[in-house]
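Residue numbers begin at 1 in each chain, while the letters A, B, ... track the order of the sequences.
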Amino acid sequence: MMKGIEQEISRDRRAFIKKVLGGTIAGSLLLVIPAGAMELDRIPEQIPGMRKEKGPFITGRKFAFIVDITRCIGCGSCCVADKNEYKVPDGNYRTWVERYVIDDHDNVYVDSPNGGLDGYQEPRRDLPHPVRDTFFVPKLCNMCEHPSCVQVCPVGATFQTEDGFVLIDYKRCVGCGYCVQACPYSVRFINPETKTADKCTWCYHRVRKGLLPACVNVCPVQARKFGDLNDHESEVYKILHQPHVISVLKPDMGNKPSLHYVGLRREVV
Amino acid sequence: MSPEHGAAVATALTNYVFPNDLHVHWSLMIVLYPYITGIVAGAFIVSSLYHVFHIKSLKPVSRYALVFALAFLAFATAPLLNHLGHPERAMNMMLTPSPTSAMAGFGYIYSAYAVVLILEILFIYRPTLVALKKKARGGMKLLYGILTMGSDNLSPEALRVDHKITAFLAAIGIPMACTLHGYVGFIFGGVKANPMWATPLMPVIFLLSASVSGIAGIILSYVVIRRYTNKPIDMDCVRTLIKFLWGCFILDFVFEMLELFSHAYMATHHWEALRDLYLGPLYWSFIVAQVGIFSVIPFIALGILSLVKLSDRFVMKWGSVLSAMILIQVLLMRWNVVIGGQLMSKSERGHAVFHPGFFTKEGIVVSIIIMTLPVVFLWLLSKVFPFWLDDDPAVERQSA
Amino acid sequence: MVPEYKSKSYTHIVWILLVLVVVVIAGVYVRAKVLPKSFGEFGHYRGDAIFDEMNRPIRNGTNSSCLVCHPYIREMHLNGVHHTVSCEFCHGPVADHVKDGKVIAKLPKKQGKEIKRLCLRCHNQIIRARPKESIKMISMPQHLEEKHVRTDHICNQCHNVHAPLMWVKEARAMVGVEEDSK
């Protein structure tokens, strides 16, 4: 009997629930769905072994984020997922997607209406010369090795963990905005609801529970990649060890970002 | 050159501001904060010119300058607290100051400076306060009791010790005043992400403009208060102040222009964006107002007042007008640095727009209130600390 | 005559030093009292802030968290060319749908023009900024004209949104038309 029910569940959980609710399976004690995918933090792990890490720091891994701008199609899935994950207030962006247009006079035109959240439905029609090339560039926290925001935070409310994540203590942040000024990449903002600084965390809470960052998870063309550089089988390791055009944003700032771009163009700031 | 030159052409098509840069986070409050601390530092330097460097002609304003500095110091943190997202956590700055932050030292530098300034005032005013305590009644007697720190001893020995302490406080006060304001300049100058701010000249410019605003504030308020209360104005003092104002302003203006010039001359990859900023959104507030009207005119006119023999009436009248212009110049400079620096997006491809609100939390009305508070407080302080030697009971008694 | 003073010549200096010492001691005491315990545990920050961030609720799941309860969609979605498209991109985060193992609300289904807008986020040829190999691009309304359908057609009238080529392939199989274009 039990086995039968389990089979029934795994075949079609939804129909099963309907049956239960409809009373077709009589006397069922299984109204509570067996622990599994519906508990958000028990969704099958995308980064194996992460849930075993209970300490304050992740051990033995060095995470890197790679954005492949030769793949990005500017759909804005990442922006939508990000806004949903954090309920980011309108007009503030933890991540955004920029559109670059270069004309045959070498002029560069960039735009990012609503941070790319609504996608790019229209081409730019306001340009005087024929377009030579266009591409999209997603932006997010650079997770610097030498983060300016941590350096300038007067109260120690922004900090770098030993595993390289730059996080914010929302309970100690005074909301002075110095980190917003100091970030060379403008990924920070003062959250109008919490009145504290806020920024992309590479979905630290998801990563710690074995899930990929929300934006990586939803990207339909794998333009965003997240992985462990200590794992020589990981995609990020392989990309960084192959002959690609790989760079970081504003390298002259000296911040040493852990966010790498494949196919980064010189026009991108 | 038209105001929109370059800027309009460049921004109409390429104007790209990082989405998070569209909002200007450091508002009018952060314009007022260095303005107020600058006035504090400048006024203290005026007092030190007499107390440490023995410029005798500044004796009439030497004590007033300290009280003036205190009145502004008391409200230096008001705009900051109003600006913070969580003012109730402001003490975190004192509890856990980050050793790497250019901002974290402010709490301690500000507090230490406040202690030095208050002690300096109490020691200099002690004979006066003791005399006033004898005359006072009720609450005022209690207040003077606290301010005299439980001592009515005016023996030559006590006064000799007082004098030593005063000289020491004034001496350490100068580097502290310079530190306080040079440091405020470094809060901006240390932001490498902002090419307009990130220059080693920034602390120097802030310090010089602080001296300028402090001296100008003393000249203007001295002349206005003395005239309003029908008391004679010491023209030797005013003329000396004007000379110092001119001297400091020469340095200040030259360094401000030098900064702009070196940006333009070196023409790094930042320059295009900076030029568009100066010629675009900052054209009226920087080029026309700060430089054209409120720097060039006082620069020349102060030179004339300092070098040409002119009547007392003329010097008094125009000295006050030019001081007022200098005060506006420094305010404009704070605006152009603080707001201007944020208008240029870190994309270096465009600029944001900023219009201060009128009745908003950090708007114009609140700014006016915050700038009025030190003046009101100065008036209250005048009831406790006689500004001038000619209404000081201790001085009267000595001369009598 | 030298006036008599009640206090000594250094009384006020003693008082000042006393006040300063008291202020410093009070400051040190208050700091020790109000400082969070985990502050400075790992660095100049509150160590527990790491756990605060770690325990932030997850709102987006993964496709598997959706498909486990929707096997019919699962079949279509995973076998179609849209298998890399996120469920939650179109439908919203699973946290708005399921909480503590119970369905708390229905997620909205996009309708009509909204569907077309969603499709064109990725497939609009005219944007031009897209790598040619990665996905199929179409121009509107030329695509509808080519296919000889009305230009007010919505994409999902021909394409199953979960498996865009499913119906197209089925129709071709039924009428026996060879694939003429890719």
Side-chain angles (χ1 to χ4, degrees), chain A residues 91-94 96 98-100 103 107-117 124 126-128 139 148-159 171-192 194-197 199 250 252-255 269, chain B residues 10 12-27 29-30 80-81 83-107 187-188 190-195 197-198 268-270 273 338 341-342 345-350 352:
Chain A
N92 301 286
Y93 305 89
R94 284 172 160 250
W96 68 95
E98 296 168 353
R99 169 168 60 181
Y100 279 71
D103 70 10
N107 295 311
V108 183
Y109 307 98
V110 193
D111 67 343
S112 185
N114 198 15
L117 193 65
R124 284 195 74 150
D126 52 349
L127 309 181
K139 294 277 183 81
S148 312
C149 51
V150 175
Q151 183 187 27
V152 302
C153 177
V155 298
T158 281
F159 55 95
K171 290 179 185 159
R172 282 194 79 72
C173 175
V174 296
C176 68
Y178 203 17
C179 55
V180 178
Q181 307 293 350
C183 174
Y185 308 101
S186 287
V187 302
R188 284 178 164 257
F189 54 92
I190 297 291
N191 188 317
T194 61
K195 312 272 186 206
T196 63
K199 74 163 183 74
K250 296 190 181 180
D252 50 335
M253 279 291 157
N255 280 29
V269 280
Chain B
L13 286 169
T14 65
N15 191 11
Y16 172 62
V17 179
F18 281 146
N20 288 327
D21 284 348
L22 285 165
H23 182 250
V24 170
H25 287 281
W26 281 0
S27 66
M29 293 300 118
I30 309 299
L80 292 180
L81 290 173
H83 171 261
L84 285 187
H86 284 276
E88 79 282 3
R89 299 179 188 168
M91 285 315 278
N92 284 2
M93 296 252 186
M94 306 284 278
L95 290 172
T96 57
S98 164
T100 59
S101 170
M103 193 186 272
F106 181 74
I187 290 179
F188 294 92
V191 178
K192 66 179 171 186
N194 188 322
W197 291 347
T268 62
H269 59 291
H270 301 306
V338 175
Q342 296 173 87
S345 171
K346 288 170 200 154
S347 70
E348 297 194 20
R349 282 204 161 91

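In terms of the salt bridge (Lys or Arg N to Asp or Glu O under 4.0 Å) criterion, residue partners of A:Asp111 (sequence neighbours excluded) are, by chain and number, A:Arg99. Partners of A:Tyr185 under the ring-ring contact (aromatic ring centres under 6.0 Å, His included) rule, at least two apart in sequence or in another chain, do not exist in this structure.
Interface remark: B:Asn194 contributes no atoms to any contact with chain A (heavy atom separation under 4.5 Å). Looking at A:Cys153, only its backbone comes within 4.5 Å of chain B, counting heavy atoms on both sides. Residue contact with chain B, scored on non-hydrogen atoms closer than 4.5 Å, involves the side chain of A:Ser148 exclusively. For B:Ile30, no part lies near chain A; criterion is any non-hydrogen pair under 4.5 Å. Looking at B:Gln342, only its side chain comes within 4.5 Å of chain A, counting heavy atoms on both sides. With a 4.5 Å cut-off on non-hydrogen atoms, A:Asp103 does not touch chain B at all. There is no contact between A:Phe159 and chain B, counting heavy-atom distances below 4.5 Å.
Of all the listed residues (A:Cys176, A:Ser112, A:Gly115), the one sharing the greatest number of non-hydrogen pairs under 4.5 Å with chain B is A:Cys176. Contacts with chain A were tallied for B:Gly105, B:Ala104, B:Ser101, B:Ser347; B:Ser101 has the most, counting heavy-atom pairs under 4.5 Å. Top candidate by heavy-atom pairs under 4.5 Å with chain B, chosen from A:Lys250, A:Lys195, A:Arg172, is A:Arg172.
Ring-plane geometry between B:Phe188 and B:Trp26 is classed as perpendicular, the angle between the planes exceeding 60 degrees on a 0 to 90 degree scale with a lower cut at 30.
Residues B:Lys346 and B:Asp21 come closest through the heavy atom pair N-OD2, 2.9 Å.
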